[in-house]
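Since the structure comes first, as structure tokens, the remarks are kept for the end.
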Amino acid sequence: MDVRQLGQSDLQIAPLMLGGNVFGWTIDEETSFAILDAFVDAGFNAIDTANSYSRWVPGHQGGESETIIGNWLKRSGKRDKVVIATKVGEDMGSGRGLKRTDILREAEASLRRLQVDCIDLLQTHFDDEVTPPEETMQAYAELIKTGKVRAIGASNITPARLQASLEASRKLGLARYQSLQPLYNLYDRKRFETEFAPICQAEGLGVITYYSLAAGFLTGKYRSAADAAKSATRGGRVKQYLDARGLRILKGLDDLAAAHSATPAQVALAWLMARPCVTAPIVSATSLKQLGEILKSAQLTLTRDDIAALDKASA
């Protein structure tokens, strides 16, 4: 399996990252274990989760996904084969926060749930614009110094705060963000490409994209409001993509899928993996069949003309 360096860190990851948001939410532990085993056995190694997954489910406290991953790590013995990424900063009952105490407390809780001694990539899930970036970066540096975290990254953060955080690390001589986890896919292009990509390129940040398939829209499964209405978990979000541009993108994906004997989802992911800034798109699956289809995207190579056609369709 071809691997890519994440930013300037020592983390090497395969070109697809498994999203753990579904673990304990839309799939149970047994199914989660099967998907994790199949993902790693296929040669992939990076798993993304968060301390808050899946706190939005009635009766859940957060940490359900990390707990399942931890149980799988213990049972499978595959800790040395995977890169584990999780996040802090989301509301876990007392509001969002990136103060030193917030980060250290939540990192320790994640370590316990994951049943590991070290988190490979700890990410800012949501920024806390009240807390000075210096305090946040010092807390992360403390975790790295004590060996509890290998590298750090950011997700939902403004370009200005990302720059301020990088500058704080430079000024204080601290570990800095090595990656960004943005919303980016064939439909959601403008903000990342205009505001974040220049920073990532200039600073050498790795990019791991979320909503890589636009909440499932780029699979081609949702082509009308009636299709969207059939999904209780994705329907509301998918509706925003059902416009002339969205349908034009689906037509472009359909054409290339037919030309490559592939699926629209595989083509959409192959386009992302070919972007100069992207290290790995994050993908999630709720069945072994779905996972198998998604993983085939890593074997699909698009031509320059293919990429140009998708760029034009999604412009």
Side-chain angles (χ1 to χ4, degrees), residues 2-19 44-50 83-90 98 103 107 118-129 131-145 149-186 188-212 269 271-283:
D2 182 34
V3 294
R4 303 172 176 185
Q5 182 181 5
L6 185 66
Q8 297 174 27
S9 74
D10 64 354
L11 301 178
Q12 302 284 332
I13 66 175
L16 283 174
M17 197 169 200
L18 184 64
F44 297 87
N45 69 331
I47 302 163
D48 178 79
T49 186
V83 171
I84 300 294
T86 192
K87 310 181 194 77
V88 295
E90 176 61 297
L98 290 174
I103 291 172
C118 178
I119 294 164
D120 297 306
L121 178 67
L122 185 60
Q123 304 159 98
T124 290
H125 199 169
F126 291 92
D127 193 19
D128 166 15
E129 298 198 359
T131 301
E134 289 80 3
E135 178 178 347
T136 296
M137 304 316 290
Q138 284 173 330
Y140 282 135
E142 187 175 334
L143 288 167
I144 291 172
K145 185 177 180 179
V149 169
R150 290 175 66 188
I152 54 174
S155 185
N156 298 287
I157 189 171
T158 65
R161 287 280 291 186
L162 177 59
Q163 288 277 34
S165 299
L166 293 167
E167 183 54 35
S169 293
R170 263 191 293 268
K171 181 177 68 176
L172 298 173
L174 302 172
R176 60 161 215 160
Y177 288 138
Q178 294 291 349
S179 63
L180 180 70
Q181 185 178 140
L183 167 63
Y184 186 44
N185 56 59
L186 257 174
D188 298 297
R189 293 181 58 183
K190 185 176 181 180
R191 189 173 189 219
F192 173 75
E193 292 179 0
T194 59
E195 298 182 22
F196 290 102
I199 300 173
C200 294
Q201 289 174 324
E203 298 285 350
L205 300 184
V207 175
I208 46 181
T209 62
Y210 73 81
Y211 282 138
S212 304
L269 291 171
W271 177 86
L272 265 180
M273 284 183 273
R275 306 310 285 176
C277 275
V278 173
T279 310
I282 297 172
V283 295

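- Across every non-hydrogen atom of Leu143 and Ala107, the tightest pair is CD1-CB, 3.7 Å.
- With a 4.5 Å cut-off on side-chain heavy atoms, Pro281 and Ile208 do not count as touching.
- A distance of 11.0 Å separates NZ of Lys190 from CD of Glu193, quoted to the nearest 0.5 Å.
- What you find for Ile144 and Ile152 is that their closest heavy atoms are CD1-CG2, 4.1 Å.
- A donor atom on one side chain and an acceptor atom on the other are found under 3.5 Å apart for Thr124 and Tyr140.
- For Arg4 (side chain) and Gly206 (main-chain N/O), no donor-acceptor pair under 3.5 Å exists by modelled atom type.
- Considering every non-hydrogen atom in both Ala141 and Ala175, the closest pair reads CB-N, 4.4 Å.
- The two residues Gln178 and Gln8 come nearest to each other via the heavy atoms OE1-N, 2.9 Å.
- How far CZ of Phe192 is from CG of Leu183: 10.5 Å, rounded to the nearest 0.5 Å.
- The backbone N or O of Thr49 lies less than 3.5 Å from a partner atom in the side chain of Lys87, making a donor-acceptor pair.
- Among residues two or more places apart in sequence or in another chain, the salt bridge (charged side-chain N to carboxylate O under 4.0 Å, His left out) test is passed with Glu167 by Arg170.
- The minimum heavy-atom distance linking Val3 with Ala14 is given by the pair CG1-N, 4.1 Å.
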One pair to check against side-chain contact (heavy atoms from CB on, under 4.5 Å): Asp10 and Arg150. What are the steps and the verdict?
CA-CA 8 Å; Asp10 64 354; Arg150 290 175 66 188; 3.3 Å; yes
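- Counting heavy atoms from C-beta outward, Phe44 and Leu18 have side chains that stay 4.5 Å or more apart.
- In this structure, the side chain of Ser212 engages the main chain of Ile282 through a donor-acceptor pair within 3.5 Å.
- Of the charged side-chain nitrogens involved, at least one lies within less than 4.0 Å of a carboxylate oxygen, so that Arg176 and Glu203 count as a salt-bridged pair.
- Side-chain contact between Leu16 and Met273: present, with at least one pair of heavy atoms (C-beta onward) separated by less than 4.5 Å.
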Given side-chain hydrogen bond (donor to acceptor under 3.5 Å, both in side chains), test Gln123 with Tyr177 step by step and report yes or no.
CA-CA 8 Å; Gln123 304 159 98; Tyr177 288 138; over 6 Å; no
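- Tyr184 and Arg191 form no side-chain donor-acceptor contact under 3.5 Å, judged by distance and modelled atom types alone.
- For the pair Arg161 (side chain) and Asp128 (backbone), a donor-acceptor distance under 3.5 Å is present.
- Between the CG atom in Asp120 and the CD atom in Gln12 there is a gap of 12.0 Å [rounded to 0.5 Å].
- For the atom pair Glu134 CD and Leu172 CG, the distance stands at 6.0 Å (nearest 0.5 Å).
- Inter-residue side-chain proximity for Ser155 and Phe126 is flagged as unmet; no heavy-atom pair is nearer than 4.5 Å.
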What verdict does the side-chain contact (heavy atoms from CB on, under 4.5 Å) test give for Gln5 and Ile13, after you've listed the backbone C-alpha separation in whole Å, the side-chain angles of each residue and the deciding distance to 0.1 Å?
CA-CA 6 Å; Gln5 182 181 5; Ile13 66 175; over 6 Å; no
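- Gln181 and Asn156 share no side-chain donor-acceptor pair at under 3.5 Å.
- Counting only heavy atoms from C-beta outward, the side chains of Tyr211 and Asp188 never approach each other to under 4.5 Å.
- Within the 4.5 Å cutoff, side-chain heavy atoms of Thr136 are placed close to those of Ile103.
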Could you give me the CA-CA distance, side-chain angles and deciding distance for Leu269 and Val283, then say whether side-chain contact (heavy atoms from CB on, under 4.5 Å) is met?
CA-CA 9 Å; Leu269 291 171; Val283 295; 3.6 Å; yes
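- The two residues Leu205 and Ser179 come nearest to each other via the heavy atoms CD2-N, 4.3 Å.
- Side-chain atoms of Ile157 and Ser165, non-hydrogen and from C-beta on, do get closer than 4.5 Å to each other.
- A distance-only check finds no donor-acceptor pair linking the side chain of Thr209 to the backbone of Pro182 [under 3.5 Å].
- When side chains are defined from C-beta on, Ile199 counts as touching Leu166, because their heavy atoms get closer than 4.5 Å.
- Note that the OG1 atom of Thr279 and the CG atom of Leu6 stand 5.0 Å from one another [nearest 0.5 Å].
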